[in-house]
**Q** 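Once you've had a glance at the structure underneath, I'll fire off some questions.
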Amino acid sequence: AYREQGHYAESIPWYQQALSRKPDFAQAENNLGLALQSLGRLDEAAQLYASAIQHEPNFVEAYNNLGNICNAKCQFKEALYYYEQALRLRPNFIEVQYNLGNALQGLEQFDAAIEIYQHVLQEKPDFPPAYNNMGLAFQTQGKLDAAKPCFEKALQLKPDFWEAQNNLGAIYQAQEDFKQATLCYSRAIELNPHYAEAINNRGFMFQLEGKMPQAIEYYHHAIQLKPDAAGAHMNLALSNLLIGNYETGWAEFEWRGKVLKGSQYRHYPKPHWQGEKLNGKRILIVAEQGYGDVLQCLRYLPLIQQQGGKVLMTYRPQLKRLLEYCQGIDTLLEDTVLQTIGDINFNVYSLMMSLPRIFKTTLDTIPPIGNPIKLPKALLQKWRKKTAADKNFKVGIAWASWSGHPTSHYRSCDLAHFKCLATLPSLTFYNLQVSPTPLDPETVPKDLHFVNYENEIKDFADSAALIQNLDLVISIDTSVAHLAGLLGKPVWVLLPLAPDWRWLLERKDSPWYSSATLFRQTAHGDWESVFKDVKQALDQKLSKSLTKVISSQNK
């Protein structure tokens with residue numbers, strides 16, 4: 001009676017008294033486990049469920065509860081086993097079938113999970129959690145049109161279902177309907193003022209609007225309610241970095257390992273380097289996140305060598321050749337070695353994006369780029385031959401970021417936007433966009449003098465050599481912008497209203513890349529005004545270049 005009223009602590013001594021009188025009382029063990037589980041004492045609860053099964057081998061509910069413990073601890077394979085045992089004893093147990101779907105979703109077997117949820121809903125069509133979790137499975141697969149009606153149906157059946165309200169907001173956010181997303185998040189918070197996830201998401205809506213104080217306030221509130229809310233910590237990090245508050249930002253950025261996936265964020269058997277003198281020690285630098293992040297932090301590697309470190313750095317294949325020409329690296333290791341970390345001989349390690357924190361980087365102390373990459377003459381000459389006959393002003397362009405990035409649709413524009421630049425004289429545009437899917441020639445504006453070497457650009461070294469033979473790079477926020485900035489090539493970076501943290505707010509220059517000029521949206525999705533500014537600046541740049549040429553000829 002106490003437990004059913006939510007008085008879990010008060011229920012515990014009564015169950016314990018029952019078990020003191022009858023130690024093999026399986027039902028009491030199961031109920032005590034439920035009380036402890038509700039109090040977050042999962043390991044104790046699991047022991048009681050296992051004991052209940054020993055005393056009563058056909059105890060279906062105990063198998064289900066043990067599976068729920070495993071699910072809560074992200075031990076999805078073990079959860080699957082216990083749910084299957086429960087269903088072997090009672091095949092039509094709808095609750096267990098639903099839980100089995102949750103375990104399959106945890107194992108990223110989304111199609112199988114969806115099939116289970118659909119079966120559950122055939123048997124129990126008024127079961128809102130199944131609609132909600134089926135929506136999450138569709139959403140994770142990127143099937144937003146299938147996910148949305150699932151959340152809507154869950155809310156139709158249970159209007160106060162705050163999780164479904166929050167999830168529906170995430171769909172609207174992904175569809176860039178920020179007004180509806182904000183309404184959903186706000187409604188979820190009204191239904192449950194202690195719902196940290198919705199509070200975090202509402203904060204992100206403020207961040208998208210450029211209202212940073214409100215965003216940071218919401219992130220702090222979410223963390224206060226749920227101290228281990230990794231997503232809120234990550235957002236707090238990015239928002240502080242965006243406003244230049246690097247000390248707080250770098251510290252909070254260490255939560256990224258709880259949010260991002262990949263072998264980079266595994267447990268390492270050696271100490272995490274914190275900036276101490278290395279005196280000949282071998283330090284493993286683990287490349288992480290996108291290519292642009294790696295390029296941005298290459299400037300720190302010579303500083304590590306100055307500390308006496310022998311730098312071992314992991315890489316992804318596309319970066320290998322470029323990194324071979326890079327200063328500050330003693331040994332390159334393909335990132336697949338992280339799967340067998342014990343085979344690597346190193347003394348300390350650091351994730352690459354932890355280096356700014358370790359070196360206590362502020363806006364005033366960002367290390368200069370120097371001359372980090374020395375491309376071989378043969379490679380430069382190869383690409384010089386391809387561009388030498390072109391006497392026009394040569395502009396490299398990139399317009400789309402990796403489609404798998406969660407902010408890709410904010411950051412990317414269409415190639416068609418460059419059409420407005422075609423009216424400017426003496427321009428040739430070179431494709432710097434590298435994609436697994438070949439560029440469709442039909443998407444290239446007819447009036448654009450466009451050169452496409454995508455079949456010959458094999459990796460970042462080729463891209464770098466081509467960039468070195470151009471006059472200017474115009475790129476959205478992607479690795480191309482970082483590469484051009486790293487090479488010291490003039491680069492114009494096209495930014496959405498809510499930019500990535502490294503570009504800060506409002507300013508037109510970048511403290512990370514002295515050759516960069518930033519062009520910013522003033523409204524969500526408004527690339528037209530950005531390209532209007534780009535056209536005006538490019539027209540002025542062409543006029544200056546022409547004036548220099550005429551002056552030189554006159555001399």
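Computed from a predicted structure; not experimentally measured. Just so it is clear, the values below take in all heavy atoms, side chains as well, and ignore hydrogens, waters and symmetry mates.
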**Q** Does the side chain of Q173 come under 3.5 Å of the side chain of Y185 through a donor N or O and an acceptor N or O?
**A**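 Per modelled atom types, Q173 and Y185 side chains form a pair under 3.5 Å.
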**Q** Do K394 and V451 come within less than 4.5 Å of each other through their side chains, counting heavy atoms only?
**A**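 Not in contact.
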**Q** More than 12 heavy atoms of other residues, nucleotides or ligands under 6.0 Å from NZ of K419: yes or no?
**A**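 No, because the 6.0 Å sphere around NZ of K419 holds 12 heavy atoms or fewer from other groups.
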**Q** Taking the side chain as everything from C-beta on, heavy atoms only, tell me whether L136 gets closer than 4.5 Å to F110.
**A**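 L136 vs F110: side chains apart.
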**Q** Between D500 and R411 (salt bridge meaning N to carboxylate O under 4.0 Å), is one present in this structure?
**A**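 Looking at D500 and R411, the cut-off is not met.
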**Q** Which label fits W250 and W501: parallel for a plane angle under 30°, tilted from 30 to 60°, or perpendicular past 60°?
**A**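 Because their plane-to-plane angle is over 60°, the rings of W250 and W501 count as perpendicular.
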**Q** Rounded to the nearest 0.5 Å, what's the gap from OG on S514 to CD1 on I366? Could you check?
**A**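 Between atom OG of S514 and atom CD1 of I366 there are 11.5 Å.
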**Q** Salt bridge or not for E442 and K446, using N-O below 4.0 Å?
**A**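 Yes, E442 and K446 are salt-bridged.
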**Q** Scan side-chain atoms only and decide if D111 and Q141 contain a donor-acceptor pair under the 3.5 Å cut-off.
**A**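 Judged by distance alone, the side chains do pair up.
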**Q** Taking the basic N atoms (NZ, or NE/NH1/NH2) and the acidic carboxylate oxygens, is any pair closer than 4.0 Å for D293 and R502?
**A**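 Yes, D293 and R502 are salt-bridged.
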**Q** Is any side-chain heavy atom of L323 closer than 4.5 Å to one of M313?
**A**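 They are in side-chain contact.
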**Q** Around atom CD of E115, are there more than 12 heavy atoms of other residues, nucleotides or ligands at under 6.0 Å?
**A**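 Counting other residues, nucleotides and ligands, CD of E115 stays at 12 neighbours or fewer.
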**Q** Can you label the angle between the Y246 ring and the W512 ring as parallel, tilted or perpendicular, going by 30° and 60°?
**A**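 Taking W512 first and then Y246, their aromatic rings sit tilted (interplane angle of 30° to 60°).
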**Q** Do Q175 and D177 pair up side chain to side chain, a donor and an acceptor below 3.5 Å, judged on atom types alone?
**A**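 Side-chain D/A pair, Q175 to D177: absent.
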**Q** Please verify the inter-ring angle class for H482 with Y513; under 30° counts as parallel, over 60° as perpendicular, anything in between as tilted.
**A**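 Rings of H482 and Y513: perpendicular, over 60°.
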**Q** Are side-chain heavy atoms of C420 and K532 found at a separation under 4.5 Å?
**A**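 No; the side chains remain at least 4.5 Å from each other.
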**Q** Any carboxylate oxygen within less than 4.0 angstrom of a Lys/Arg side-chain nitrogen, looking at R321 and E324?
**A**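 No salt bridge links R321 with E324.
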**Q** Using a distance-only test with no angle check, is there a side-chain donor-acceptor pair under 3.5 angstrom linking Y265 and E288?
**A**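 Yes, because at least one side-chain N or O of Y265 sits under 3.5 Å from a partner of the opposite role on E288.
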**Q** Heavy atoms, side chains only, cut-off 4.5 Å: are Q305 and V311 in contact?
**A**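 The answer is yes, as the side chains (C-beta and beyond) meet within the 4.5 Å cut-off.
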**Q** For a quick check under 3.5 Å, do Q156 and Y131 share a side-chain donor-acceptor pair by atom type?
**A**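 There is no such pair (donor and acceptor under 3.5 Å, judged by atom type) between the side chains of Q156 and Y131.
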**Q** With a 4.5 Å cut-off on side-chain heavy atoms, are E176 and H524 touching?
**A**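 Of all side-chain heavy-atom pairs linking E176 with H524, none is under 4.5 Å.
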**Q** Is there a side chain to side chain donor-acceptor pair (under 3.5 Å) between D390 and Y430 once you walk through the steps?
**A** CA-CA 11 Å; D390 183 4; Y430 287 79; 2.6 Å; yes
**Q** In sequence, state the C-alpha distance, the side-chain angles, and the governing distance for I114 and Q105, and then conclude on side chain to side chain contact (heavy atoms under 4.5 Å, CB included).
**A** CA-CA 8 Å; I114 289 167; Q105 187 158 337; over 6 Å; no
**Q** Would you say E254 and S354 are linked by a side-chain donor-acceptor pair, where the criterion is simply a distance under 3.5 Å?
**A**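 Side chains of S354 and E254: pair found under 3.5 Å.
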**Q** Tell me whether E454 contacts the main-chain N or O of N431 through its side chain, where contact means a donor paired with an acceptor under 3.5 Å.
**A**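 Answer holds: no.
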**Q** Salt bridge or not between E456 and K458? Use side-chain N to carboxylate O under 4.0 Å.
**A**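 No, E456 and K458 are not salt-bridged.
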**Q** Does either side chain, that of Y117 or that of N102, offer a donor lying less than 3.5 Å from an acceptor on the other one?
**A**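 Looking only at side-chain atoms, N102 and Y117 do form a donor-acceptor pair, the distance falling under 3.5 Å.
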**Q** Does a side-chain heavy-atom distance below 4.5 Å link M352 with Q289?
**A**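 No. Closest side-chain heavy atoms not under 4.5 Å.
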**Q** What is the distance from atom CZ of R520 to atom CG of D533, rounded to the nearest 0.5 Å?
**A**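 Reported to 0.5 Å precision, the distance equals 12.5 Å.
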**Q** Does the side chain of S426 reach to within under 4.5 Å of the side chain of F393, using non-hydrogen atoms?
**A**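 S426 vs F393: side chains apart.
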